[in-house]
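Read the structure below first, then the notes.
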Amino acid sequence: MPQMSTNRIHTFISSFIRESSNAKDPESLLLSLIKIVQKFVNCQWVAILDKDFNLRKSDSSNISLEQDLLDMIKWSVEKMSPTSLVKGQSTILIFPLVKTNRVLGVLLAATNEEPVFEIFELIRTLAFLSSVVLENLDLYKSLEKQHAVVEETMNYMQRIFNSFPQIVVVLDSQLKPIFSNIQYLQREKESKLTDAIEKVAKNVLATNSRQVSEIESEGTFYSLIAEKIEYEGETQVLLSITDVTNTKELERLKAIDKLKTDFVASISHELRTPLAAIKAYSETMLSSLSDLDKDILNDFLQIVYKESLHLESLLDELLDFAKIEQKAMSLEKTKFNLAELIQEVIQSMTEFAKSKNVRLECDVSEPIFILADRKRIRQVLINLVSNGVKYSKENGNDKFVKISTKIDNAFVIISISDNGIGIPEEYQQKVFEKFFRVGSALDYRTEGAGIGLTITKEIVELHGGRIWLESKVNDGSVFYVQLPLGE
């Protein structure tokens, strides 16, 4: 008999484990519990109550929970001890489903047989195991609900962040993205942007302080704001990246508008100066013609002629600039000797250079034939040599402007060097911009409209060449012009 009882317990427990392992929720577990009890105990009915003693599951619809039975159930639960109640020909077995002093429900089983110790112990063991599994399933169900709430909240927040025009991304301490909106995912292959994000995040982690930065990537300007955050004891970096291209464009347009205003003021001054001289000397000659001797009259006419040339130069620059703006500048290419043209430019600029105590040098002797617009290339050389003279050191000694050339494959590179005031590094890429002058667009110490280098750059690029410079403050500058030799 003891051996039989042991086998039955083993079979009983094995069946329960097999049935309960298939239970995915508390309700299916309770059905399995009823099935196992019916299988191993000859019962009239089996029922399970919830913790408030309401009928939760049963295998019969003819179950009546009378007051004496409810009183016995409450007593059993209060004592947390199995018991039984005789009702007529039946005995109702009562087993509280308890886990860690917490009542999860009550198992009831009605039988016509006299309950023996073995059956009682089997059901009590089953009730205990069911309580363990039921608690775990309840906990799992609760966690599932919490997970669903968290998932729903995450999706809700993700939709909100995806609606932002800004790029939002959170990096962990290893600079790996752990959260981002769709704007980041659309741009994460922009290496320049992602490199900037990592660099800013590194600075945040290194300094423990907020970082603000701006970058340009693929023609778009971004403002980056990065802050350190803590989540579950882990240090992270939250970055908000805003497209500020429109703002930058507005700032650029405002800057251009200001430059245009300054340009109008500058060109008005430049035009007024020769006009005033021409007017003054012309009025003097008209009012005093009979009193002026031949030498004085000649001097006056020389001044008027010089100022008219200056005026003509300004007007030519304005016309050239208008052609550039309208994309209407054209070239008349011919084959000519560049070395000869350079000598011609040196000769024409000698007097102007002497007036500034600047020595002109030419390191070109061999003929260099190119296919280009001779007039426009002369304009380029005149402009660059003139700038070298204009921006020489005011009180400098042994001042010079030197022209050199060298052949580089199918190109000739012309270099115009000087030992003048030089150009600060932050301005070196801006000197070719419209109306720009180092220091101020209203720098009246030198003549010109501030568009000479803009025109020069346009002429060079129209020839399929390029222009660049090297410069150091107080050491001078070198402008390089690369032109194709042509056929």
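Atoms considered below: every heavy atom in the structure, side chains included; atoms not considered: hydrogens, waters and symmetry mates.
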Exercise. So with a 6.0 Å cut-off around CG of N397, is the heavy-atom count from everything else above 12?
Worked result: no
Exercise. Are there more than 12 heavy atoms of other residues, nucleotides or ligands under 6.0 Å from atom CZ of F300?
Worked result: yes
For this session: For K356 and S392, work out which heavy atoms get closest and say how close.
Result: O-OG, 4.4 Å
For this session: Measure from the side-chain N and O atoms of D373 to the backbone N and O of K375, and report whether any donor-acceptor pair falls under 3.5 Å.
Result: yes
Problem set entry | N155 (side chain) donor-acceptor with E151 (main chain) under 3.5 angstrom | yes
Problem set entry | Pair Q236-S173, side-chain donor/acceptor within less than 3.5 Å | no
Problem set entry | Test log, rule side chain to side chain contact (heavy atoms under 4.5 Å, CB included), inputs N387 and D418 | CA-CA 10 Å; N387 281 349; D418 63 66; over 6 Å; no
Problem set entry | Polar side-chain atom of T245 near backbone of F221 as donor-acceptor pair, under 3.5 Å | yes
Problem set entry | Under 3.5 Å: donor-acceptor pair, side chain of S471, backbone of G476 | yes
Exercise. Between the side chain of D243 and the main-chain N/O of P165, is any donor-acceptor distance below 3.5 Å?
Worked result: no
Problem set entry | Donor-acceptor contact below 3.5 Å, side chain D293 vs main chain I296 | yes
Exercise. Take atom CZ in F164; do more than 12 heavy atoms of anything else shown fall under 6.0 Å from it?
Worked result: yes
For this session: Using a cut-off of 6.0 Å, state whether more than 12 heavy atoms not belonging to K333 lie near its atom NZ.
Result: yes
Problem set entry | Interatomic distance, R378 atom CZ to I342 atom CD1 [nearest 0.5 angstrom] | 12.5 Å
Problem set entry | Pairwise distance OH(Y281) to CG(D299) - rounded to 0.5 angstrom | 9.0 Å
Seminar exercise, completed: G420 and K393 have their tightest heavy-atom pair at O-CE, 3.4 Å
For this session: Please report the closest heavy-atom contact between I346 and E361, naming both atoms and the distance.
Result: CD1-O, 3.9 Å
For this session: Could you check L338 against I414 for side chain to side chain contact (heavy atoms under 4.5 Å, CB included), going step by step and ending with a plain yes or no?
Result: CA-CA 10 Å; L338 178 62; I414 310 166; 3.7 Å; yes
Exercise. Under 6.0 Å from the CD atom of Q347, do we count more than 12 heavy atoms belonging to anything else shown?
Worked result: no
For this session: Specify whether W468 and Y480 have parallel, tilted or perpendicular ring planes, treating 30° as the upper limit for parallel and 60° as the lower limit for perpendicular.
Result: parallel
Problem set entry | Point-to-point distance, once rounded to the nearest 0.5 Å, from CG of L238 to CD of E227 | 7.0 Å
Exercise. Under the side chain to side chain contact (heavy atoms under 4.5 Å, CB included) criterion, do M329 and I459 qualify, and how do the steps go?
Worked result: CA-CA 8 Å; M329 181 177 280; I459 292 171; 3.8 Å; yes
Exercise. Judged by modelled atom types alone, do N181 and Q183 share a side-chain donor-acceptor pair under 3.5 Å?
Worked result: yes
Problem set entry | Enclosure of E230 CD (heavy-atom neighbours >12, cutoff 6.0 Å) | yes
Problem set entry | N-O pairing of E332 and R376 below 4.0 Å | no
Exercise. Between atom NZ of K202 and atom CG of L175, what is the distance when rounded to the nearest 0.5 Å?
Worked result: 6.0 Å
Problem set entry | Side-chain heavy atoms of Y184 within contact of I197, under 4.5 Å | yes
Exercise. Looking only at heavy atoms, which two atoms of P367 and A339 are closest? And how far apart?
Worked result: CA-CB, 4.2 Å
For this session: Verify side chain to side chain contact (heavy atoms under 4.5 Å, CB included) between V170 and Y231, making sure each step is shown before the conclusion.
Result: CA-CA 11 Å; V170 177; Y231 181 71; over 6 Å; no
Problem set entry | E234 atom CD, over 12 foreign heavy atoms within 6.0 Å | yes
Problem set entry | Non-hydrogen atoms of V169 and I241 that approach each other most closely | CG1-CD1, 4.2 Å
For this session: Answer yes or no: does atom CD of Q186 have more than 12 heavy-atom neighbours from other residues, nucleotides or ligands under 6.0 Å?
Result: yes
Exercise. Is a donor on one side and an acceptor on the other found under 3.5 Å between the side chain of S288 and the backbone of M285?
Worked result: no
Exercise. Which value, rounded to the nearest 0.5 Å, describes the distance between Y391 atom OH and K399 atom NZ?
Worked result: 14.5 Å
Problem set entry | Between CG on residue L384 and CG on residue L453, distance to nearest 0.5 Å | 6.5 Å
Exercise. Short question: side chain of D50, backbone of D52 - any donor-acceptor pair under 3.5 Å?
Worked result: yes
For this session: Locate the shortest heavy-atom distance separating V304 from I278; write the atom from each residue and the value.
Result: O-CG1, 4.0 Å
Problem set entry | Q379 and N383 side chains, donor-acceptor separation under 3.5 Å | no
